[in-house]
Number of protein chains: 2
Amino acid sequence: MKKHNFSAGPCILPKEVFKKASEAILDFDNSGLSLLEISHRSPAFVDVMEEARSLALELLDLKDKGYKALFLQGGASTQFLMTAYNLLENKAAYLNTGTWSDKAIKEAKLFGEVIEVASSKEKNFNYIPKSYTIPKDTDYFHCTSNNTIFGTQMKSFPNTDKPLVCDMSSDIFSRKLNFSNFDLIYAGAQKNMGPAGVTLVIIKEEILGKVTRKIPSMLDYAVHISKDSMFNTPPVYAVYVSLLTLKWIKENGGIAGMEENNNRKATLLYAEVDRNPLFKGFAEKEDRSPMNATFNLTNSGHKEAFDKLWKDAGVNGLNGHRSVGGYRASMYNALPIESVQVVVNCMKELEHKI
Amino acid sequence: MKKHNFSAGPCILPKEVFKKASEAILDFDNSGLSLLEISHRSPAFVDVMEEARSLALELLDLKDKGYKALFLQGGASTQFLMTAYNLLENKAAYLNTGTWSDKAIKEAKLFGEVIEVASSKEKNFNYIPKSYTIPKDTDYFHCTSNNTIFGTQMKSFPNTDKPLVCDMSSDIFSRKLNFSNFDLIYAGAQKNMGPAGVTLVIIKEEILGKVTRKIPSMLDYAVHISKDSMFNTPPVYAVYVSLLTLKWIKENGGIAGMEENNNRKATLLYAEVDRNPLFKGFAEKEDRSPMNATFNLTNSGHKEAFDKLWKDAGVNGLNGHRSVGGYRASMYNALPIESVQVVVNCMKELEHKI
Ligand SMILES: Cc1ncc(COP(=O)(O)O)c(C=O)c1O
Ligand SMILES: Cc1ncc(COP(=O)(O)O)c(C=O)c1O
Ligand SMILES: [Mg+2]
Ligand SMILES: [Mg+2]
Ligand SMILES: [Mg+2]
Ligand SMILES: [Mg+2]
């Protein structure tokens, strides 16, 4: 039985992508070779890399605006340290909206002073702090647009003249934003873009070159830019599957098309969470993430019954993260609304049974 | 037509591996889910990671000897800086046998003093320096076991009481060595182990914890060890395909089985290079690599004719690296001897034609 996959990441990708991704392993583009055995310097793969870099910028409406796209290894966790290595000379401002912000802060502290401008830790990160000021003497401001674990999302971003750095790992390509307000965006691929093993980094080039420390080549954005994201062997397959997904996004209405669908899915689920007396949401309503909906049973005694219902319905990955408990429905771009309806039906069925 | 793939890396993998690797994209282990969409924390993937880590140590005969295996992102190029970040407090000794050693040296210099104990640069790295001493006061000794670009291989390693660090990217799992003489071995997967996007690191734990600098989490071997190589999202697919390849190695006689085959292939090719008056080898005979055979035409006027012969025969990736010119036949574990015979036949055919 094909599952309804609500996994938080790695997660569902479009089925057309899986099909092409599987074929390329046996024969890439009628070359007589598997995609896994071709040189990353072959014209065929250089084309893949260039198209992926260009399409990422195009979808974000960042073409010809001074930005470069890179496909790097190391996950978003490596970006926690690379952003600081490349940008933090004296002091940086960080907004703490959850586990991932917290980890970014921890790594940045090795490179300079970190000002935590605000934190929602005292309420287990169930909301996004809104009133804070970014000190004038900071090198950049860092935030996490979508908090995968807690199910909150920043709906707006501070207006600042400092470089704006954002971890968009769990909501990139899911909603329209004025991306040119950002100076550095990074995102592990394994939510809306592709398989685990590659990270998209979008950089406004003018913010680089301002720190005095020497940066090891593999951690230096300028080095990767100068080599068109091919300084060393890139994660060929993950880049290719990302390209397939980016093309699918484009063919399906671009980011606007994704957003429309994502809003329909989120509305359907959150409406049931609110309506159904057996469930309550975790995050503050105004900060709810359409990507990751966190909710709980109002009476934990129903856990066994509910878990049986959704598991029997072929639902996968609905368990909440241990930091929150309860349930988390991750509804990334590729998740069909039919899968959300299946969960909603299980919630209704629980109500009828009890 | 299926190609004879002599690509230097990414490169040929066993065809059984491609088949299973393709199937897992559509349905992993009858789970109803693609391998690309399952959580890296799922029991199914945790098993893959653990089996891969354990099998890597088993094949190298390093089980229960104080070693840990990690599957990291970032390529061997990231290991150039990580080894120094984790091990270089004052001074380190490096043997320079080619481009990759040279790059490792460059990165290490950011972290401390580097003593180049010997170099074969003056002869464009066509041999392995053999008489050198490792200064007493160095933190470790670093070398490159196989020089992918120049086609040389270290046949023996210095006897030293310093930690022995080795880049085995292009010959790991290809020949028997006493691996317990090494303290840290690293290898980008994309030659003998799997697809691009994952790097195997084998560490003797006792060498860690000796430097005073603070190490960012993602660059800290101890952090990755403490999290069983799952500190952050690992490159799931690349790890899985590596596991398939490691199993194939085991089923085909382990490293001893690989070595026997590799020697047969290398003997076949080098014998023709030596016999055929139209060709000459690049590397000194005693240092020749069975993995990457570098050779040239004695008369460059025959280039067009020879290139046509091998291309028509379905051979891929025989062009030499720009630093050496001529030809390079990369004959990794998965390359069948039949493919080597095809190249040898082209060499003979050229001789008969002329
Ligand atoms: C918002 C966010 N940032 C960072 C990470 C860490 O990503 P990685 O595991 O690729 O290092 C995650 C992982 O889920 C995430 O959701
Ligand atoms: C011996 C050796 N070391 C290091 C590297 C660099 O590996 P990566 O591209 O994975 O960083 C290579 C790549 O071919 C290599 O052959
Ligand atoms: Mg700005
Ligand atoms: Mg309710
Ligand atoms: Mg030793
Ligand atoms: Mg000859």
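Keep in mind that what you see is a predicted model, and the values were worked out from it rather than measured.
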Would you mind telling me which of A/Ala21, A/Gly194, A/Ser77, A/Pro235 has the largest number of heavy-atom pairs within less than 4.5 Å of chain B?
A/Ser77
Which word best sums up how the rings of B/Phe80 and B/Trp100 line up, parallel for under 30°, tilted for 30 to 60°, or perpendicular for over 60°?
tilted
Contacting moiety of B/Val198, where chain A heavy atoms sit under 4.5 Å:
backbone
Which one wins on heavy-atom pair count under 4.5 Å against chain B: A/His40, A/Lys214, A/Lys109?
A/His40
Taking side chain as everything from C-beta outward and backbone as N, CA, C, O, which of these in B/Phe45 sits under 4.5 Å from a heavy atom of chain A? Side chain, backbone, both or neither.
neither
Most heavy-atom pairs under 4.5 Å with chain B, out of A/Asn316, A/Val236, A/Thr233, belong to A/Thr233
Under 4.5 Å from any heavy atom of chain A - which part of B/Leu36
both
N/O donor-acceptor pair under 3.5 Å between A/Tyr237 side chain and A/Ala24 backbone
no
Checking A/Ile12 against chain B: side chain, backbone, both or neither under 4.5 Å from a heavy atom?
both
If you tally heavy-atom pairs under 4.5 Å between each of B/Lys106, B/Arg41, B/Gln190, B/Arg213 and chain A, the highest tally belongs to B/Gln190
Determine whether a donor-acceptor pair (N or O, by modelled atom type, separation under 3.5 Å) exists between the side chain of A/Ser22 and the backbone of B/Leu26.
no
Would you give the length of the straight line joining atom CZ of B/Phe173 to atom CD1 of B/Ile249, rounded to the nearest 0.5 angstrom?
6.0 Å
Which one, A/Gly75, A/Ser7, A/Cys11, leads in non-hydrogen pairs under 4.5 Å with chain B?
A/Cys11
Residue from A/Asn292, A/Thr148, A/Thr294 passing side-chain hydrogen bond (donor to acceptor under 3.5 Å, both in side chains) with A/Ser330
A/Asn292
Spell out, as yes or no, whether a donor-acceptor pair under 3.5 Å connects the side chain of A/Asn319 to the backbone of A/Gly326.
no
Sort out for me which of A/Ser34, A/Pro234, A/Ala334, A/Pro195 touches chain B most, counting heavy-atom pairs under 4.5 Å.
A/Ser34
CA sep, side-chain torsions, deciding dist, call: A/Phe18, B/Glu37, side-chain contact (heavy atoms from CB on, under 4.5 Å):
CA-CA 9 Å; A/Phe18 288 140; B/Glu37 65 176 322; 3.7 Å; yes
Is there a donor-acceptor pair under 3.5 Å between the side chain of B/Asp27 and the backbone N or O of B/Ser31?
yes
Given that the side chain runs from C-beta out, which part of A/Val241 has a heavy atom under 4.5 Å from chain B: side chain, backbone, both or neither?
side chain
Using a strict 4.0 Å threshold on nitrogen-to-oxygen distance, state whether B/Arg53 and B/Glu50 make a salt bridge.
yes
Among A/Ala238, A/Ser217, A/Pro10, who wins on heavy-atom pairs under 4.5 Å with chain B?
A/Pro10
Which bit of A/Tyr85 is near chain B, if near means a heavy-atom gap under 4.5 Å: side chain, backbone, both or neither?
side chain
Between B/Ile215 and chain A, with a heavy-atom cut-off of 4.5 Å, which part of the residue counts as in contact: side chain, backbone, both or neither?
backbone
